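Both counts, for ligands and for their atoms, begin at 1 and track the order of listing. Note that this is a predicted model, so its numbers are computed, not measured.
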Amino acid sequence: MPNPLYDALFARHAAQDTPFLHLPDGRTITHGQFIDTASRYANAFTSKGLVPGDRVAVQVGKSPDALALYAACVQVGLVFLPLNPAYTPTEVEYFVSDAGARLLICDPACVNDFAVVAANSGAELETMDITGRGTMRDLAAGHGHAFTTAERTKDDLAALLYTSGTTGRSKGAMLSQKNLLSNAETLTKAWQFTKTDVLLHALPIFHTHGLFVATNIMLLSGGAMVFLPKLDADQLIRFMPRATALMGVPTFYTRLLAHDDFTACLTAHMRLFISGSAPLLADTHTQFEARTGHRILERYGMTETNMNTSNPYDGSRRAGTVGMPLPGIEIKVCDPETGKTLPHGDIGVVEVRGPNVFQGYWRMPEKTASELRADGFFITGDLGVMDDQGYLSIVGRGKDLIISGGYNIYPKEIELLLDDQPGVMESAVIGAPHADLGEAPVGVLVAQVDATLDLEAIKTALAGSLARFKCPRELVVIDELPRNAMGKVQKNLLREQYADVFTC
Ligand code: MLC
Ligand code: AMP
């Protein structure tokens, strides 16, 4: 039965004994073995009564089995909802309930907490640990790998990815088969990936970058990945001789540059280094070229759109720019007030239209209508400027957002929790420059009259309900928040005031 995404990414590799995943322990999983495993999971899902369109929330460590869950969801026509393992049970409960997920797969070590989450949100619970073991694998082991792929169209949903919001409430971005497939096809061609490529994969697989950009490209091209559990510069260096390409957030490149064994000789055979998800400093670009002779290719995308622009594969890769619109994708830089397209050289809000643009926010029609125009353009909230050659630079954000090591952190979500802490009158969370992560959150607090704030107790309280990466690395107390005539907190002044908080 036709299932465009499954057919393009998975079905055509089913009988191939070519390498797909090289693991750090020396094992290699072939394309064919991977597809067999995925089909067993597909049978396991079906045996649980899941049917096309059901949402499956997956909060597990990175492993080949975790990736096979994604393939299995596509094969059964389920909507894959991957979640950062750093999320706390409170956060996960929101996602699972909001999505109406029928199944939650979590790490067995957290099963007690997540049994409560599953019960509260009406989902069933299965487990998978970092090695792939757990009740899900046990269930799959009882099934064969013959599975009749569910029929899907390009407009059917393939994934639901939650992205935080400026109101503090996360939104589920609905991604169709077409969104994912069109982007994988465009990027594979633009970056010239073929079956001879081996991608060094150290990104998480619960976000667009590691899952849809990196993995979908390698599946479509038929190449292989050195599949590392996380970023570890020693491991990147150890496995680089086996690879042809690397994709990472800017922290990947700053950590490599900080490593003495990262040399021109080590990278001489590499075909491509790609960066995205956060701004790559022009200085990092320049240092990287000076050390290795390679110019990093920077591209720009987001959860709602996959990839929008890219520096050219052949041609000038310009430091500080995110390149040109990808084929088939339109980009406009617009006046934030009127929505009118601005001339080249003017700064405005970046808008995007193309087959990559998502279907809207899950069960949030008003939010969808306010960010997705009737003519199909999506208002990204990023501030950009286009030059005369068509290169886009991202120069800021119209949305109140911190990007730390490639993870998005919405200040509002943290401020709401800080404001609830004993003795806190009000708070503002800002991003301050951080050498390793690009930026990191700082909480600025104002105490109630006569209150003395216990900062350690506040940090502990936050850690109970917020993923660690969102917790402010620094809390400071001031007398009052700077405000403009309209009463709006002037975060730009706070950002200036605390610009050195992580460097001094
Ligand atoms: C980990 N920590 C972070 C963090 N990552 N804190 C802030 N920001 C981050 N990004 C915290 C942990 O909670 C922990 O805190 C401590 O740092 C050590 O954790 P770790 O796991 O050892 O961290 P590390 O390995 O150093 O991870 C850093 C990182 C990782 C940058 C390698 O975060 C990463 O892989 N980021 C990539 C994110 C990504 O894929 N983004 C793409 C989104 S898609 P404590 O308190 O417990 O010590 C997208 C679209 C697009 O944006 O365009 O691609
Ligand atoms: P996410 O919602 O996690 O997908 O993050 C998307 C956001 O990351 C975008 O809206 C941008 O603000 C930012 N982003 C992605 N790639 C780049 C880049 N190359 N340069 C600057 N910002 C980027």
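Checking only distances, T303 never comes within under 3.5 Å of ligand 1, N or O to N or O. Among the atoms of G301, some N or O lies under 3.5 angstrom from an N or O of ligand 1. Considering backbone and side-chain atoms together, T208 places no N or O closer than 3.5 Å to any N or O of ligand 1. For ligand 1, none of its N or O atoms has an N or O atom of P204 under 3.5 Å away.
Distances from ligand 2 to the non-hydrogen atoms of T380 include no value under 4.0 Å. Look at G210 and you'll find every heavy atom at least 4.0 Å from all atoms of ligand 1. Not a single heavy atom of T208 lies less than 4.0 angstrom from ligand 2. At least one heavy atom of K399 lies less than 4.0 angstrom from ligand 2. Taking 4.0 Å as the cut-off, R299 counts as a neighbour of ligand 2 on heavy-atom distance.
Aromatic pair Y87/F95: ring centres closer than 6.0 Å. Less than 6.0 angstrom separates the ring centroid of Y407 from the ring centroid of H207.
If you number the atoms of ligand 1 from 1 as listed, the ones under 4.0 Å from a heavy atom of L231 come out as 32 (C).
From the protein, the heavy atom lying nearest to atom 42 (C) of ligand 1 is S277 OG, 3.4 Å. The nearest protein atom to atom 5 (N) of ligand 1, hydrogens excluded, is given as Y407 CE1, 3.9 Å; this is a heavy-atom distance. The nearest heavy-atom contact from the protein to atom 44 (S) of ligand 1 is H209 N, 3.7 Å. Among all non-hydrogen protein atoms, the one lying nearest atom 20 (P) of ligand 1 is K230 NZ, 3.6 Å. Scanning all protein heavy atoms for the shortest distance to atom 10 (O) of ligand 2 gives D382 OD2, 2.6 Å.
With a 4.0 Å cut-off on non-hydrogen atoms, R473 touches ligand 1 through its side chain and not its backbone. Contacts with ligand 1 closer than 4.0 Å are made by no heavy atom of M247, backbone or side chain. Of all the heavy atoms of H207, the ones lying under 4.0 Å from any atom of ligand 1 belong exclusively to the side chain.
Remark: among candidates P250, G276, G406, the nearest residue to atom 43 (C) of ligand 1 is G406, based on non-hydrogen atoms.
For the pair D382 and K399, the salt-bridge criterion is met [side-chain N within less than 4.0 Å of a carboxylate O]. Ion pairing between K171 and E371 holds under the 4.0 Å rule for side-chain N and carboxylate O. Under a 4.0 Å N-O distance rule, the pair R397/E439 qualifies as a salt bridge. A salt bridge is defined here as a Lys NZ or Arg NE, NH1 or NH2 lying under 4.0 Å from an Asp or Glu carboxylate O, and D98 with R363 fails to meet this definition.
Within 6.0 Å of NZ on K189 lie no more than 12 heavy atoms contributed by other residues, nucleotides or ligands.
Under the 4.0 Å distance rule, the nearest protein heavy atom to atom 31 (C) of ligand 1 falls inside the cut-off. There is no protein heavy atom closer than 4.0 angstrom to atom 48 (O) of ligand 1. Within the 4.0 angstrom cut-off, atom 2 (N) of ligand 1 has one or more protein heavy-atom neighbours. Counting only heavy atoms, the protein never gets under 4.0 Å from atom 18 (C) of ligand 1. The protein reaches atom 37 (C) of ligand 1 closely, with a heavy atom under 4.0 angstrom from it.
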Cut-off 3.5 Å, no hydrogens considered: what does the side-chain donor-acceptor table look like for residues 334-342, sequence neighbours left out?
from: D335; atom 1: OD1; to: E337; atom 2: N; distance (Å): 2.7
from: D335; atom 1: OD1; to: T338; atom 2: N; distance (Å): 3.2
from: T338; atom 1: OG1; to: K340; atom 2: N; distance (Å): 3.1

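Between F378 and Y361, the ring planes are perpendicular. Angles over 60° get that label, and only those under 30° would be called parallel.
Side chain to side chain, N308 and N356 meet the donor-acceptor criterion of an N or O pair below 3.5 Å.
Partners of E93 according to the salt bridge (charged side-chain N to carboxylate O under 4.0 Å, His left out) rule, which considers only residues two or more places apart in sequence or in another chain, do not exist here.
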